[in-house]
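First the structure, in the form of structure tokens, and then the observations on it.
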Amino acid sequence: MNAKLSVMPKELHEPIFDLNSTLCCGQAFRWDKQGQWWFGIFGKNACKIRQKSGSIEFEGADDRSVKNYFRLSDDMPKILSDINKDKHIKNAIVKFKGLRILRQEPWECLISYICATYKNIPAIKNMLNNLSQKFGEETHLENHSLYVFPSPTKLANASLHSLEACSLGYRAKYVSETAKKICDAALDLESLKKKSYDEARRELLELPGVGPKVADCVLLFSLEKLEAFPVDLWIKRAILKYYAAQLPRPFVERVTAQGSLSNTSYGKLSSFGRQYFGKYAGYAQEYLYHYERTST
DNA sequence: CAAGTGCCTTTATC
DNA sequence: AGATAAAGGCACT
């Protein structure tokens, strides 16, 4: 059975949701577009979804989980006006208006971004699909096979060799060790939602394979920390391009010269983003990221 | 089609 | 603290 969900009250001319931007922008890696339908799986919901102007149509998940996953309750007019600080971010907002941060499952999100280090998006998709096919439960939607993301136990018990065989490379041991820590309850991911950004971040950084960037991605995309401002290569470029005047000159020169970001440079760029864009800095980051990646 | 470059970085080491 | 190198292998040109 199909479910229909009005994204915004009908009387609004501008439903602020853009399914394509949301699923294309590189925050989640397990969606595929076939025709007008996106096929994917979140939690145990093997799902297909499409958008027709003001409404989305989907199958395989209930209203509540769809609203939750796509953050359809976020107050977009407020968020967008909040982060709309200058003409640069405005360009991104105009172009991708309706792009939403997804509310991903913390465990899958954590492993996704541990895998994402030093990889491009198609390769990341490949790794996560390999892991899911090899270790996750198979589910079906029509004639499609979709695989639930494997549990911490499954990955903790997987041999290093079998993880490497999913094209994880050196990430295999990080995934394995992190899975074991989560299984041993050395860290309870869900509990981080209730903690502050700083405290949750500190705890994530204890995990092998998790540095500042990965931690910020997990905080933003799965742990309710919309102020998190992950800084990758593209965001670093964007800040140097648009906001250099707002940063100390020597710092800008140092970062420009640096190939990769030092820990302290990362911290300065990220806290600039948080201070400049405010409590929804993560949304600004995602708009900037997608804009920079697609318009150059 | 081969070869080179880059990849939503982290870790280890100096 | 900052710089540097190493770490799979895939995708794209």
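Just so you know, these numbers use all the heavy atoms, side chains as well, and skip hydrogens, waters and symmetry mates. Every chain is numbered from 1 and lettered A, B, ... according to where its sequence line falls, protein lines coming before strand lines.
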Can you see if the side chain of [X] gets near the phosphate of [N] - specifically, an N or O under 4.0 Å from OP1 or OP2?
{"X": "A:T264", "N": "C:dG2", "result": "yes"}
{"X": "A:Q27", "N": "B:dC8", "result": "no"}
{"X": "A:R293", "N": "B:dC8", "result": "yes"}
{"X": "A:R171", "N": "C:dA6", "result": "no"}

Check every strand shown and say whether [X] touches a base, only sugar-phosphate, or nothing at a heavy-atom separation below 4.0 Å.
{"X": "A:Y174", "answer": "sugar-phosphate"}
{"X": "A:G211", "answer": "sugar-phosphate"}
{"X": "A:C115", "answer": "nothing"}
{"X": "A:V231", "answer": "nothing"}
{"X": "A:L207", "answer": "sugar-phosphate"}
{"X": "A:E164", "answer": "nothing"}
{"X": "A:P230", "answer": "nothing"}

Nearest-Å distance, [atom1] ([X]) to [atom2] ([N])?
{"X": "A:L128", "N": "C:dC10", "atom1": "CG", "atom2": "C1'", "answer": "14 Å"}
{"X": "A:L219", "N": "B:dC8", "atom1": "CG", "atom2": "C1'", "answer": "15 Å"}
{"X": "A:K125", "N": "C:dG9", "atom1": "NZ", "atom2": "C1'", "answer": "18 Å"}
{"X": "A:Y266", "N": "B:dT9", "atom1": "OH", "atom2": "P", "answer": "10 Å"}
{"X": "A:Y170", "N": "C:dC10", "atom1": "OH", "atom2": "P", "answer": "14 Å"}
{"X": "A:L163", "N": "C:dA7", "atom1": "CG", "atom2": "C1'", "answer": "16 Å"}
{"X": "A:I124", "N": "C:dA11", "atom1": "CD1", "atom2": "C1'", "answer": "11 Å"}
{"X": "A:K213", "N": "B:dC7", "atom1": "NZ", "atom2": "P", "answer": "13 Å"}

Could you tell me whether the side chain of A:R254 has a donor or acceptor atom within less than 3.5 Å of a complementary atom in the base of C:dG2? no
Look at the side chain of A:K119 and the base of C:dC10, then say whether one donor and one acceptor between them are separated by less than 3.5 Å. no
Under 3.5 Å, is there a donor on one side chain and an acceptor on the other for A:R30 and A:Y147? no
Specify the glycosidic conformation (syn or anti) of B:dG4, with syn defined as within 90° of 0. anti
Spacing of A:E105 atom CD and A:L189 atom CG [to the nearest 0.5 Å]: 10.5 Å
How long is the span from the CG atom in A:N20 to the CD atom in A:Q36, to the nearest 0.5 Å? 10.5 Å
Heavy atoms from C-beta onward define the side chain here; which of [options] lies closest to that of [X]?
{"X": "A:S262", "options": "B:dT10, C:dG2, C:dC10", "answer": "C:dG2"}
{"X": "A:L233", "options": "B:dT10, C:dC10, B:dC7", "answer": "B:dC7"}
{"X": "A:Y113", "options": "C:dA3, C:dC10, B:dC8", "answer": "B:dC8"}
{"X": "A:T117", "options": "C:dA7, B:dT10, C:dA11", "answer": "B:dT10"}
{"X": "A:Y118", "options": "C:dG2, B:dC7, C:dC12", "answer": "B:dC7"}

Could you give the distance separating B:dT13 and C:dG8 at their P atoms, to the nearest angstrom? 15 Å
Using atom P in both nucleotides, what's the gap between B:dC8 and C:dA6 to the nearest angstrom? 22 Å
Could you pick out which residue, A:C217 or A:N263, lies toward the 5' side of DNA chain B when each is mapped onto its nearest nucleotide? A:C217
For the residue pair A:G282 and A:L220, what are the closest heavy atoms and their distance? CA-CD1, 3.6 Å
Opposite nucleotide pairing with C:dG8, Watson-Crick or G-U, both atom distances under 3.5 Å: none
Complement of B:dC8, any strand, by Watson-Crick or G-U distances under 3.5 angstrom: none
Would you check if the side chain of A:Q51 reaches a backbone N or O of A:F17 as a donor-acceptor pair within less than 3.5 Å? yes
Looking at A:T139 and A:A46, would you say the former's side chain and the latter's main chain have a donor-acceptor pair under 3.5 Å? no
Pair A:Y118 + A:Y170: ring centers closer than 6.0 Å: no
